[in-house]
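Structure first, then comments.
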Amino acid sequence: MLAYVLRRLLLMVPTFIGILIINFVVLRMQGPTLKDEISQGSSQGGEGQKIERGIASLESFIARFERSGANLPSLVNTRGFADKADAVRWLRAGERRAGMTRKEEAKRARSELDLWFLGRWYAEPLQAVLADNALAGLHGPASVAFSYAAYIPVQAEDYPPSLSAEQKAEQTPDELAEREERMRRLGGIVVRNAELRDLRVSYHNGEAGFVTDDPELAAKRAKLLAWYERHREDFAHSGARAWRDLVVATGFVKIMGGLFTGDLVSQSRNQNVYELIADRWQISFWLNFLSILSAYAIAIPLGIRSARRQGSLEDRVTTNALFLAWSLPSFFVGTLFLYHFCTPHGGRDPWFPNRAMPADADTLWMSTPRYLLTLGWHWCLPLIVLCYGSFTVLSRYMRGNLLEQLDADYVRTARAKGVGADAVVYRHALPNSLITMITLSAGLLAELFGGSVIVENIFSVPGLGTLLLDAAKQNDAPLVMASTVISVSLLLVGILVADLLYGVVDPRIRNRHA
Amino acid sequence: MPDTAMTLQSPLRLALRRVWRQGGARFGAAVLAIMLFAAVYAPFLAGDVALVWRDADGWRLPILSDLFNKSSYGKHHDLLFNLAALLLPVLLFTGWLLRRRWTLARRILLGCLVVAVGWGLCQLPLLPSAKGWSAIWSLRGPATETVAVATEARAADRAVIAVFPPVPHRFDRPYAGAVLRAPLERNPVTGARLWLGSDANGKDVLAYLLFGARISLTIGLVATGIAMVIGTILGAISGYFGGKTDLLIQRVVEIMMCFPTLILVLSIVAILGRDIFVIMLVLGLTGWAGTARLVRGEFLAQSVRDYVLAAESLGLPRWRIMFRHILPNALTPLLISATFGIAGSVLTESGLAFIGLGDINAASWGVLLDQGRSFIRYPWIIYAPGIAVFLLVSSLNLVGSALSDALNPKGAR
């Protein structure tokens, strides 16, 4: 048994990683929307001013990208192996030429944007370009790209919290010294970034390609090369480091690392992803829990009833009605509810509210029973829409299983012994037919903790479904990945637990695995 | 003792006969047939191009040439349906003539092939035109025999006889003067009745629904078709070869089963654009996991049978054993799952459109329903597309469950 569980758990690993990788690559292919923002913001105005204007914002973009790894390649980072020729190729790809088609221009614009996000690996190759007198035409863009490649983002959160005089008095000397040291280091980085900012050479990227016409070119270039000499050890390449970075310094590893350390910030909401999910999961969980509970509580007795009255009018009516309910799309039913029950008609107030959560201001001073009643009133319609669809599957399954059991020999034996009709069904056949219901519980765990996008969307439930939909629409990779990790692991665990439960209740299966 | 007529028929045919005996299946099939008819003949039912037209130049049937007009019908599946509309009587008659020679499946396949070849021919540059060779599909400009032209001509006292479709409104034309009209009101622009009202853009809901049937049927068939092909191939390989291959393919299947489809659809739609064909493709590419499992199970059960052993000892190539010998024996569960698959992909597409991920340029029912929710006070925009989706899905489900009852000996009760 243990070997079986271990085997299953091991087989889950490739599935899990596979899903995460595919999900991430698909998200990445969509392209970070932040880059779109930049290109939209900077598309107006001439080329020279654009860079000047964009400096502050580009640096803040790099800082934002840094936190979720959006500036890194998705899965494989070969930038560690870059040399001068690669740097020249990048620069040339961003160069404008006369007579470019619209498509070529779009591609060029993308390459030029990527140029600013190459990261520290390109500092050395770009410096090599700057040092080469034969490539004088590229010195302008190379200096700008270099300044971004060597830029180290500093965020407000990096600074230690400011202290009042009393607080300062309470700190031990060691703590104060550490604080001093940290401030000094941050100050050094800020100065370093400012130096880099001053060394940018302005240039034009027009029909004629890159034209560097900064009068201070020679002076700035000399300073830049001197600056590089001073900080050379920061950008030193070594083969081993490049090989390590090949896999480690990628967006995927960055996001996964953040997920497991709990330190991952959503791109679109600028808040920790786990905090966002923690804020939202309760309402989704309770809605799902209640809907699953009521679905089982209603569907199983229905199934038993129609199995016991097989072929009767009642059986046929329930079966057909449930069948029609199964084909009714939930978005249609939800919208109908919204129209008939949540919209005022002819001066009459609507029967139900159209939002699934009462406003905080209304419920703040309510007593607990009253609050629960209000909540129930708000949740009534979403619950119906959530659970009516699963009635059919559950009760049909129940009915079929029970009928199968009622046909079995042991039931005939029990009947022949004179066991009462109810006892035959509830004591003999029902427990056996419930066994197979366990297979339906595989997805239950994931269903409990996942949001139903459509229903939450209709009734404006502030749950996980709407959160995920928004995150996916805004291409918020950290948030989407976090919710994928949660839902997929719950699903996989649910499948395993269902299989094991199956073994627990059915000795034949247990023996097969043992 | 069964009579001789029964013993001569194949098991599939017997099962189909059993299906036909069920009232639900007959009802479902009838609804499906009506929907298919409405989808195929949508241009004859709703559109502003005249069916019959007479002016100084003589009599004409402008609708027939308009069927091949890209500027009237932008999407590719429209051409397919238009061709089907023209060829359907011929195909039905030929099929009836050949009823003793060929099986039903063969005749249906041949009919589909004829329409597909016709579709290809319309796309190829075969006709000489002013701009060199061009395809018949992209040759024509906007139609000239329309409702607007007829009204103008009558106003100018020119003698024009024109017979228009029963709903003289194009499905994609917003009439600015007829926004959110209730059912049975008249369109002030054309004077014709809006049987099911108009939507927030001033489009005729009935015309929209008719062309939406085309979209929904295409989505169901294409998405399920893709899913079936991928699922069958992978499931067959997995079940027939077993061992490491099986383990590997099962991992892929598991990935596909657990994968959050919503995110995939969102991302791919963002990359490739909001096109209805992209959505079909994504639904097909994500929906094959169930089929693969089903086919694998069938292949596992079949591959130990004697006839497979016989075929193997004859030295037949493996693909031939898999797809010519085993697959026909696994077809019945596939047929059932395909029926439910079509219903499922129709539902998924409408659901996606409903949460704002649909192709707003296509006449998708879900897009209309989404609008119905935004304009919540106009119930006809909710009921019309909702009932359309419900009818299609429920009739498919009826047929599917009748099939599974008839083909599945265990579920015969």
Side-chain angles (χ1 to χ4, degrees), chain A residues 11-12 14-19 22-23 25-31 33 310-311 320 323-324 326-336 338-340 342-345 354 396 399-400 403-404 407 446 450 453-454 457-458 465 468-469 471-473 475 480 483-484 487-489 491-492 495, chain B residues 23-24 247-248 250-260 262-272 343 346-348 350-357 365-366 369-370 372-374 376-379 381-383 385-398 401 410-411 413:
Chain A
L11 280 179
M12 268 181 203
T15 311
F16 192 66
I17 295 176
I19 291 175
I22 295 178
N23 204 350
V25 170
V26 166
L27 276 172
R28 262 310 175 76
M29 273 159 62
Q30 204 176 330
T33 40
Q310 191 203 351
N320 288 325
F323 191 83
L324 289 183
W326 184 43
S327 312
L328 262 179
S330 63
F331 48 85
F332 177 41
V333 177
T335 317
L336 278 188
L338 214 55
Y339 170 70
H340 284 291
C342 310
T343 316
H345 289 286
N354 60 1
R396 276 190 131 198
R399 177 176 175 271
L403 281 177
E404 207 170 295
D407 264 1
V453 177
I454 286 178
N457 194 12
I458 296 175
L468 178 63
L469 184 65
K473 272 186 181 166
N475 194 17
V480 172
S483 73
T484 312
S487 68
V488 169
S489 37
L491 195 57
L492 288 174
I495 293 173
Chain B
L247 200 70
L248 191 76
Q250 282 315 298
R251 293 287 79 68
V252 181
V253 170
E254 215 169 80
I255 289 177
M256 237 36 241
M257 284 206 128
C258 301
F259 200 86
L262 175 79
I263 295 165
L264 197 68
V265 174
L266 261 169
S267 308
I268 293 184
V269 165
I271 299 161
L272 296 178
V346 170
L347 265 185
T348 314
S350 322
L352 283 174
F354 182 75
I355 54 174
L357 304 178
W365 290 340
L369 201 61
D370 182 27
R373 187 187 39 162
S374 325
I376 193 74
R377 283 161 182 282
Y378 306 93
I381 320 180
I382 306 169
Y383 273 104
I387 291 178
V389 175
F390 169 65
L391 273 181
L392 181 55
V393 171
S394 63
S395 54
L396 279 166
N397 282 342
L398 273 174
S401 67
K410 254 179 108 180
R413 16 178 143 261

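Per chain, numbering begins at 1; letters A, B, ... match sequence-line order. Just so you know, these numbers come straight off a predicted model, no measurement behind them.
Using a 4.5 Å cut-off between heavy atoms, A:His340 contacts chain B through its side chain alone, with no backbone atom that close. When heavy atoms are compared at a cutoff of 4.5 Å, A:Ile22 approaches chain B by way of both its backbone and its side chain. Heavy atoms of A:Phe323 lying under 4.5 Å from chain B belong exclusively to its side chain. Heavy atoms closer than 4.5 Å to chain A are found in the side chain of B:Ser401, but not in its backbone. Looking at A:Leu491, only its side chain comes within 4.5 Å of chain B, counting heavy atoms on both sides. Contact of B:Leu391 with chain A is not made at all, since no heavy-atom distance falls under 4.5 Å. Proximity to chain B (any heavy atom under 4.5 Å) is restricted, for A:Thr343, to the side chain, taken from C-beta onward.
The shortest heavy-atom contact between B:Ile376 and A:Thr335 is CD1-O, 4.0 Å. Here the shortest heavy-atom pairing between A:Ser327 and B:Asn397 reads OG-ND2, 3.2 Å. Contact between B:Ile255 and A:Gly18 at its shortest, heavy atoms only, is CD1-CA, 3.8 Å. In terms of heavy-atom proximity, A:Tyr339 sits nearest to B:Pro379 at OH-CG, 3.2 Å.
Under the 4.5 Å side-chain criterion, counting only non-hydrogen atoms from C-beta, B:Leu357 is in contact with A:Lys473. Looking at B:Leu347 and A:Phe331, their side chains come closer than 4.5 Å, going by heavy atoms from C-beta outward. The side-chain heavy atoms of B:Tyr383 and A:Phe332, taken from C-beta on, include a pair separated by under 4.5 Å.
The side chain to side chain contact (heavy atoms under 4.5 Å, CB included) search around A:Val453 returns A:Leu469, B:Leu262, B:Ile355, not counting sequence neighbours. In terms of the salt bridge (Lys or Arg N to Asp or Glu O under 4.0 Å) criterion, B:Arg377 has no residue partners (sequence neighbours excluded).
Under the side chain to side chain contact (heavy atoms under 4.5 Å, CB included) rule, B:Glu254 has a single partner from A:Ile19, A:Thr15, A:Leu11, which is A:Thr15.
Of the listed residues B:Val252, B:Ile387, B:Asp370, B:Leu396, the one with more heavy-atom pairs under 4.5 angstrom with chain A than any other is B:Ile387. Options A:Leu324, A:Thr484, A:Asn23 differ in how many heavy-atom pairs under 4.5 Å they form with chain B, and the most are formed by A:Asn23. Among B:Ala343, B:Pro385, B:Ser350, the residue with the largest count of heavy-atom pairs under 4.5 Å with chain A is B:Ser350. Between chain A and the residues B:Leu398, B:Leu352, B:Leu264, the largest count of heavy-atom pairs under 4.5 Å involves B:Leu398. Annotation: maximal heavy-atom pairing with chain B below 4.5 Å, among A:Ile495, A:Val488, A:Ile458, occurs at A:Ile458.
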